[in-house]
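Heads up, the thing below is written out as structure tokens.
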Amino acid sequence: MADRAMAPRTARGLLLAAACLVMAAPFAWMAMTSLMGQLEVFSAGGILPRAPRWSNYPEALTVQPFGRYFLNSLLFATAVAAGQVATSTAAGYAFARLDFPGRDGLFMLFLSTMMVPAVVVLIPRFLMIEAVGWIDTYQGLISTELVSVWGIFLMRQYFRTMPRELEDAARVDGAGRVRIFWSVALPLAKPAVATLALFAFVDAWKNLLWPLLVTRSMEMRVVEVGIAAFHSTYEINWPYQMAAGVAAVLPIALLFLFTQRYFVRGIQLEGIR
């Protein structure tokens, strides 16, 4: 019986190990390529560099102002995460706890927008930003990213799981709706808030299409746009581009390493009904 029980576990372990290897392969190739010479990339000598060229990293990050790119990405991702937390917690609490006409219909309308591909509203968003003169500015880069329907859904579902007795007790003590939200509901929602902030930060950090469309100057580029422009500027220098890619992935990898429990919690929260 013990052998029969071990067989499925072993099979699952092998399957997960194989999946991890498949997913890690592109990152391993990127890291190995970043340490090669220009001509070595196209040779048939294998994927391991003959003599690792660590100098590729400082050289790649100085041929373009990647320091500025990283600062722009940090400002962009931080502002988007803060904005989505603010709007999602407020809207999520309203949909979960306030009774107003058309609440459920409005929430379903919000959810229906998740079925619309982002590229469909890309041009209208761009025309709106252009109309107010925010092209190639931080306002234009950040403003349309401050609301997340997924974040609203996440916070609504989390607030619905909270016992109403806590709010009733605060109401008996004379607390108003805003005070209850700020002092009772929001502190209890810290796991969901942390999850939302992390997901919003990572999503903004790796965002390419919108920053590519709304920025013009090198001073406003984010890291992903800088890497995309790298290939057109240095057409055959794959090691430099891969070195920049590794540098861009490293902050997110470290973030996940230290906050992985919140990512796992986020996956669990998505299943709350």
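Model, not experiment: these values are computed from the prediction. Numbers for residues simply follow the sequence, beginning at 1.
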Under 3.5 Å donor-acceptor, Ser88 side chain and Val85 backbone:
no

Would you indicate whether the side-chain heavy atoms of Pro191 and Tyr158 approach each other to under 4.5 Å? yes

message: Do Leu250 and Leu254 have side chains that approach each other closer than 4.5 Å (heavy atoms only, starting at C-beta)?
response: yes

In terms of heavy-atom contacts, Arg221 and Val225 come closest through CG-CG1, 3.9 Å

Quick check: is Ile135 connected to Leu212 through a chain of hydrophobic side chains (ILVMFWY, heavy atoms under 4.5 Å apart)? yes

Check whether Glu40 reaches the backbone of Arg50 with its side chain - one donor and one acceptor, N or O, closer than 3.5 Å. yes

So CD of Gln38 and CG of Asn56: to nearest 0.5 Å the spacing works out to 9.0 Å

inquiry  = Checking the side chain of Thr87 only, and the main-chain atoms of Leu146 only, is there a donor and an acceptor separated by less than 3.5 Å?
reply    = yes

Transitively linked via ILVMFWY side-chain contacts under 4.5 Å: Ile129 with Val147? no

The side chain to side chain donor-acceptor pair (under 3.5 Å) partners of Ser183 (sequence neighbours excluded) come to Arg179

For Arg171, the salt bridge (Lys or Arg N to Asp or Glu O under 4.0 Å) test, sequence neighbours excluded, returns Asp168

Separation between CD (Gln84) and CD1 (Ile152), nearest 0.5 Å, reads 9.5 Å

Under 3.5 Å, which donor-acceptor pairs link side chains of residues 112-125 to any protein atom two or more places apart or in another chain?
residue, atom, partner, partner atom, Å
Ser112, OG, Leu109, O, 2.5
Thr113, OG1, Phe110, O, 2.5
Arg125, NE, Thr144, OG1, 3.4
Arg125, NH2, Thr144, OG1, 2.9
Arg125, NH2, Glu145, OE2, 2.4

Practice prompt. Kindly indicate whether the side chain of Met36, heavy atoms from C-beta on, has any atom under 4.5 Å from the side chain of Trp238.
Written response: no

To the nearest 0.5 Å, atom CG of Leu166 lies from atom CD1 of Ile180 at 10.5 Å

Which atom pairs, donor and acceptor, lie under 3.5 Å between side-chain atoms of residues 91-107 and protein residues at least two apart or in another chain?
residue, atom, partner, partner atom, Å
Tyr93, OH, Arg177, NH1, 3.3
Arg97, NE, Glu167, OE1, 3.4
Arg97, NE, Glu167, OE2, 2.9
Arg97, NH2, Phe159, O, 3.2
Arg97, NH2, Met162, O, 2.5
Asp99, OD1, Arg103, NH1, 3.2
Arg103, NH1, Leu98, O, 2.9

- Is there a donor-acceptor pair closer than 3.5 Å between any side-chain N or O of Asn72 and the backbone N or O of Val223? no

| field | Candidate pair Leu198 and Phe256, rule side-chain contact (heavy atoms from CB on, under 4.5 Å), full reasoning | value | CA-CA 9 Å; Leu198 286 169; Phe256 174 77; over 6 Å; no

The reported gap from OG1 in Thr195 to NZ in Lys190 (rounded to nearest 0.5 angstrom) is 14.0 Å

Smallest heavy-atom separation, Gln64 atom then Ala229 atom, equals NE2-C, 4.3 Å

What one should report as the nearest heavy-atom pair of Ala247 and Pro251 is O-CD, 3.0 Å

request  = Say whether Leu213 and Ile227 are linked into one hydrophobic cluster, either directly or through other cluster members, by side-chain heavy-atom distances under 4.5 angstrom.
outcome  = no

Nearest heavy-atom contact between Met155 and Thr89 is CE-CG2, 3.8 Å

query = What orientation do Trp205 and Phe201 show, parallel under 30°, tilted 30 to 60°, or perpendicular over 60°?
reply = parallel

Taking it one step at a time, do Phe199 and Leu196 satisfy side-chain contact (heavy atoms from CB on, under 4.5 Å)? CA-CA 5 Å; Phe199 274 77; Leu196 174 61; 5.7 Å; no

Step by step, work out the side-chain contact (heavy atoms from CB on, under 4.5 Å) result for Trp134 and Met128. CA-CA 9 Å; Trp134 284 357; Met128 290 172 57; over 6 Å; no

When every non-hydrogen atom of Ala228 is compared with those of Leu208, the smallest separation belongs to CB-CD1, 4.1 Å

| Within one Ile-Leu-Val-Met-Phe-Trp-Tyr cluster: Val41 and Trp54, side-chain cutoff 4.5 Å | yes

Applying salt bridge (Lys or Arg N to Asp or Glu O under 4.0 Å) to Arg68 and not counting sequence neighbours gives none

Quick one: do Leu71 and Leu61 end up in the same hydrophobic cluster if we chain Ile, Leu, Val, Met, Phe, Trp and Tyr together by side-chain heavy atoms under 4.5 Å apart? no

Test item: side-chain donor near acceptor, Asp136 and Thr215, under 3.5 Å: no

For Val222 and Ser73 the tightest heavy-atom approach is CB-OG, 3.3 Å

dist Ser148:OG -> Leu154:CG (nearest 0.5 Å) comes out at 8.5 Å

Which pairs would a plain distance check flag for residues 13-35, meaning a side-chain donor or acceptor within less than 3.5 Å of a matching protein atom at least two apart in sequence or in another chain?
residue, atom, partner, partner atom, Å
Thr33, OG1, Trp29, O, 2.7
Ser34, OG, Ala31, O, 2.6
Ser34, OG, Tyr57, OH, 2.6

Value for CD1 (Ile142) from CZ (Phe76), rounded to nearest 0.5 Å, stands at 7.0 Å

